[in-house]
Colleague: 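Got a structure here, written out as structure tokens. Questions coming.
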Amino acid sequence: MIFTVAIDGPAAAGKGTVSRAVADHFGFRHLDTGLLYRAVGARMLAGEDAVAAAEALSPDDLRSPDLRTQDVAAAASRVAVVPEVRAALVAFQRGFARSEGGAVLDGRDIGTVICPEAEAKLYVTASPEIRAERRFAELVARGAEVTLAGVLEDVLARDARDMGRAEAPLRAAGDATLIDTSDMAVEDAVAAAIAAVEVRRSGRG
Ligand code: DC
């Protein structure tokens, strides 16, 4: 059984939580494609050429606990504008998407570029202010010294770079189901996502 769920949206909109819950619910594998760009960003920060790093990426690179920092997130967003970096990561993502047993991929260009043929597509978003508040709370809980204004600035800068780049910019696919989580509890966002995928699985959508 081949079934791809493509989940796109801006940083800190709740994509990760929704994607993991959808994968668990349907028994599908999950790939957080942001980790690929973060791993390349981390290797660039360590002094490597970004394209060479993308071409040499291995599964072990995705397991590093350091990929969750704000510095690595910003570096990921910077290497993600380089067409050769994106090209080096396409085959792995497509192979994962079409692997047997069903797959959920979350990122920025899954429904538009990586898997335009995905059986189900979601676009998960929230206002920049709400996303900044959530990310701020997460960072403070991890002991980071940040301000809400600083986190909002990062969120807006990352949105501008992810949406404004020439190559595979962040946008909703025409046939994606939009889920705005600004005023939603996590469990409601998860339920909405599962319901949208279920409609496609049963051929009703
Ligand atoms: O989802 P994330 O915050 O882990 O992603 C980090 C950066 O990687 C994001 O700012 C842009 C880039 N990215 C991308 O360009 N395409 C994807 N499919 C996933 C992430």
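Atom set for the values below is all heavy atoms of this structure, side chains included, hydrogens, waters and symmetry mates excluded. We count ligands from 1, going down the list as the structure has it; atoms in each ligand are counted the same way.
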Colleague: Closer than 3.5 angstrom, by distance alone: can the side chain of Ser127 be matched with the main-chain N or O of Ile130 as a donor-acceptor pair?
Modeller: yes
Colleague: With sequence neighbours left out, which residue pairs that include part of residues 22-60 fulfil the ring pair (Phe, Tyr, Trp, His ring centres under 6.0 Å) condition?
Modeller: Phe3-Phe28, Phe26-Phe28
Colleague: Quick one: look at Arg165 and ligand 1, take heavy-atom pairs under 4.0 Å, and tell me if it's side chain, backbone, both or neither.
Modeller: side chain
Colleague: Would you kindly say whether Arg158 and Ser77 are connected by a side-chain donor-acceptor distance under 3.5 Å?
Modeller: no
Colleague: So between Lys15, Arg86, Arg78, Arg108, whose heavy atom ends up nearest atom 9 (C) of ligand 1?
Modeller: Arg108
Colleague: Within ligand 1, which atoms have a heavy atom of Ala76 less than 4.0 Å away?
Modeller: 6 (C), 7 (C), 8 (O)
Colleague: List ligand 1 atoms under 4.0 Å from Asp109, heavy atoms only on the residue side.
Modeller: 16 (N), 17 (C), 18 (N)
Colleague: Select one of side chain, backbone, both or neither to describe which atoms of Arg38 lie under 4.0 Å from any atom of ligand 1, heavy atoms only.
Modeller: side chain
Colleague: Would you mind writing out the side-chain donor-acceptor pairs for residues 141-155 within the sub-3.5 Å range, not counting sequence neighbours?
Modeller:
unit_1: Thr147; atom_1: OG1; unit_2: Gly150; atom_2: N; d: 3.0
unit_1: Asp154; atom_1: OD2; unit_2: Gln70; atom_2: NE2; d: 3.1

Colleague: For a quick check under 3.5 Å, do Arg98 and Thr4 share a side-chain donor-acceptor pair by atom type?
Modeller: yes
Colleague: Asp180 and Ser182: side-chain hydrogen bond (donor to acceptor under 3.5 Å, both in side chains), yes or no, with the steps?
Modeller: CA-CA 6 Å; Asp180 186 332; Ser182 299; 2.7 Å; yes
Colleague: Note the single closest protein heavy atom to atom 11 (C) of ligand 1, along with its residue, its atom name and the distance in Å.
Modeller: Asp162 OD1, 3.4 Å
Colleague: If you take the nearest heavy atom of each of Thr33, Leu31, Val40, which one is closest to atom 19 (C) of ligand 1?
Modeller: Thr33
Colleague: What protein heavy atom lies closest to atom 8 (O) of ligand 1? Include the residue and the distance to one decimal.
Modeller: Tyr37 CB, 3.3 Å
Colleague: Return the residue, atom name and 0.1 Å-rounded distance of the protein heavy atom closest to atom 12 (C) of ligand 1.
Modeller: Ala80 CB, 3.7 Å
Colleague: Please find the pair of heavy atoms, one from Ile2 and one from Glu119, that lie closest to each other, and give the distance.
Modeller: O-OE2, 4.0 Å
Colleague: Under 4.0 Å from any heavy atom of Arg158, which atoms of ligand 1 are there?
Modeller: 3 (O), 5 (O), 6 (C), 7 (C), 9 (C), 10 (O)
